[in-house]
Amino acid sequence: LASTAVAIESPLAALEALPTAALAAPARRLTLLHHSEGPVWIPPKPMEAQIQCLRLHEAGCGAILQQNVCLGSRDGRSVNQAQGLGIHGEPCVWCGGHPCTTGGTDLCMPYDVLMYGLGTNFTRYAAAELHHQVAQCRDGSPLPGMLAAPPTLPPPLPPQYNPHWWASPRPTDYEMKC
């Protein structure tokens, strides 16, 4: 089996319900039917009704370079799954304008591939978990992305007027010793 779906109240109970062989196999993953459960940093996967307004991006989420396009799209590639991970129809996830994975260049990835592909599709996450934004709809329209706060810069230094900017400083007595 490429994945195991379990409808259980908590992640711990789901792990206990799986046979030991399913837990030991690295290529397998646990999909909880209640998407709000799971590791704390993984944003919940929107339900089907929450992604109906998103357009299918035929080139796939990974080809998207703009936040607003990513957050208004689902992966539209023809392949349904790869290595047990959903691709076609998956909501796109924006990685805050940074590559989603170490060594990768994708700024936007399909939900299943990004959230559950560690160890099969890539070895490390690159974007900080707080940057992940999942495409979804509200009232029939895509939700806009949250803009990251601009960096805080120190105030500029006041200009200093030097009427003799062209003249070299006078050498010290030490520098003039022969």
Side-chain angles (χ1 to χ4, degrees), residues 1-67 69-138 142-143 145:
L1 295 171
S3 70
T4 303
V6 179
I8 296 189
E9 292 300 318
S10 74
L12 183 56
L15 289 175
E16 292 171 354
L18 285 175
T20 306
L23 293 174
R28 295 184 188 354
R29 68 181 171 94
L30 173 67
T31 303
L32 297 173
L33 294 179
H34 298 285
H35 296 293
S36 61
E37 299 181 45
V40 174
W41 70 267
I42 293 181
K45 183 175 181 178
M47 299 305 230
E48 191 64 31
Q50 295 174 303
I51 62 172
Q52 288 300 313
C53 78
L54 304 177
R55 77 176 195 70
L56 289 173
H57 197 279
E58 289 182 18
C61 299
I64 300 172
L65 301 175
Q66 294 87 19
Q67 179 186 29
V69 176
C70 179
L71 294 177
S73 301
R74 292 185 291 156
D75 200 295
R77 291 178 284 179
S78 60
V79 61
N80 286 326
Q81 284 190 347
Q83 298 175 330
L85 302 171
I87 294 180
H88 180 80
E90 285 291 307
C92 295
V93 180
W94 179 248
C95 296
H98 306 283
C100 297
T101 61
T102 301
T105 58
D106 294 349
L107 307 178
C108 179
M109 290 180 73
Y111 183 90
D112 250 18
V113 173
L114 179 61
M115 300 304 161
Y116 302 108
L118 184 64
T120 55
N121 290 17
F122 54 90
T123 55
R124 290 183 55 199
Y125 292 103
E129 291 82 11
L130 298 176
H131 291 287
H132 294 141
Q133 297 175 44
V134 183
Q136 55 188 304
C137 309
R138 183 180 295 151
L143 287 175

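Excluded from the calculations below are hydrogen atoms, water molecules and symmetry mates; all remaining heavy atoms, backbone and side chain alike, are included.
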**OP:** Using the test side-chain hydrogen bond (donor to acceptor under 3.5 Å, both in side chains), find all partners of Gln52 that sit at least two apart in sequence or belong to another chain.
**Re:** Glu48
Subject >> Pair Cys108-Cys100, disulfide (SG to SG under 2.5 Å): steps then yes or no >> reply: CA-CA 7 Å; Cys108 179; Cys100 297; over 6 Å; no
Original post:
Between Glu90 (side chain) and Asp112 (backbone), is there a donor-acceptor pair under 3.5 Å?
Top reply: yes
**OP:** Given side-chain contact (heavy atoms from CB on, under 4.5 Å), test His57 with Ile64 step by step and report yes or no.
**Re:** CA-CA 9 Å; His57 197 279; Ile64 300 172; 3.6 Å; yes
Subject >> Test item: Leu107 and Pro99 side chains (from C-beta on) under 4.5 Å apart, heavy atoms >> reply: yes
Original post:
Could you state the interatomic distance from CZ (Arg138) to CD (Gln50), rounded to the nearest 0.5 Å?
Top reply: 9.5 Å
**OP:** Please report the closest heavy-atom contact between Ile51 and Pro46, naming both atoms and the distance.
**Re:** CG2-CB, 3.7 Å
**OP:** Would you check if Gln136 and Pro142 make a side-chain contact, meaning some heavy-atom pair closer than 4.5 Å?
**Re:** no
Subject >> Closest approach of His88 to Arg77 (non-hydrogen atoms, all atoms of both residues) >> reply: ND1-O, 2.7 Å
Original post:
Roughly how far, to the nearest 0.5 Å, is CE of Met115 from NZ of Lys45?
Top reply: 10.5 Å
Original post:
When rounded to the nearest 0.5 angstrom, what is the spacing between CG in Leu54 and CG in Asp75?
Top reply: 12.0 Å
Subject >> Value rounded to 0.5 Å, distance of CG in Leu71 from CH2 in Trp94 >> reply: 8.0 Å
**OP:** Considering non-hydrogen atoms only, spot the tightest contact between Val113 and Met109 and give its length.
**Re:** CG1-CE, 3.6 Å
Original post:
Closest approach of Leu114 and Phe122, non-hydrogen atoms and distance?
Top reply: O-CZ, 3.4 Å
Subject >> Cysteines Cys61 and Cys92 with SG distance under 2.5 Å >> reply: yes
Original post:
Does Tyr111 reach the main-chain N or O of Ala135 with its side chain, forming a donor-acceptor pair under 3.5 Å?
Top reply: no
**OP:** Identify the heavy atoms of Gly89 and Leu56 that sit nearest to each other, and give their distance.
**Re:** CA-CD2, 4.3 Å
**OP:** Taking all heavy atoms of Gly117 and all of Leu85, pick out the closest pair and write down the distance.
**Re:** CA-CD1, 3.6 Å
**OP:** Kindly compute the distance separating OG1 (Thr123) from CG (Leu118), expressed to the nearest 0.5 Å.
**Re:** 7.5 Å
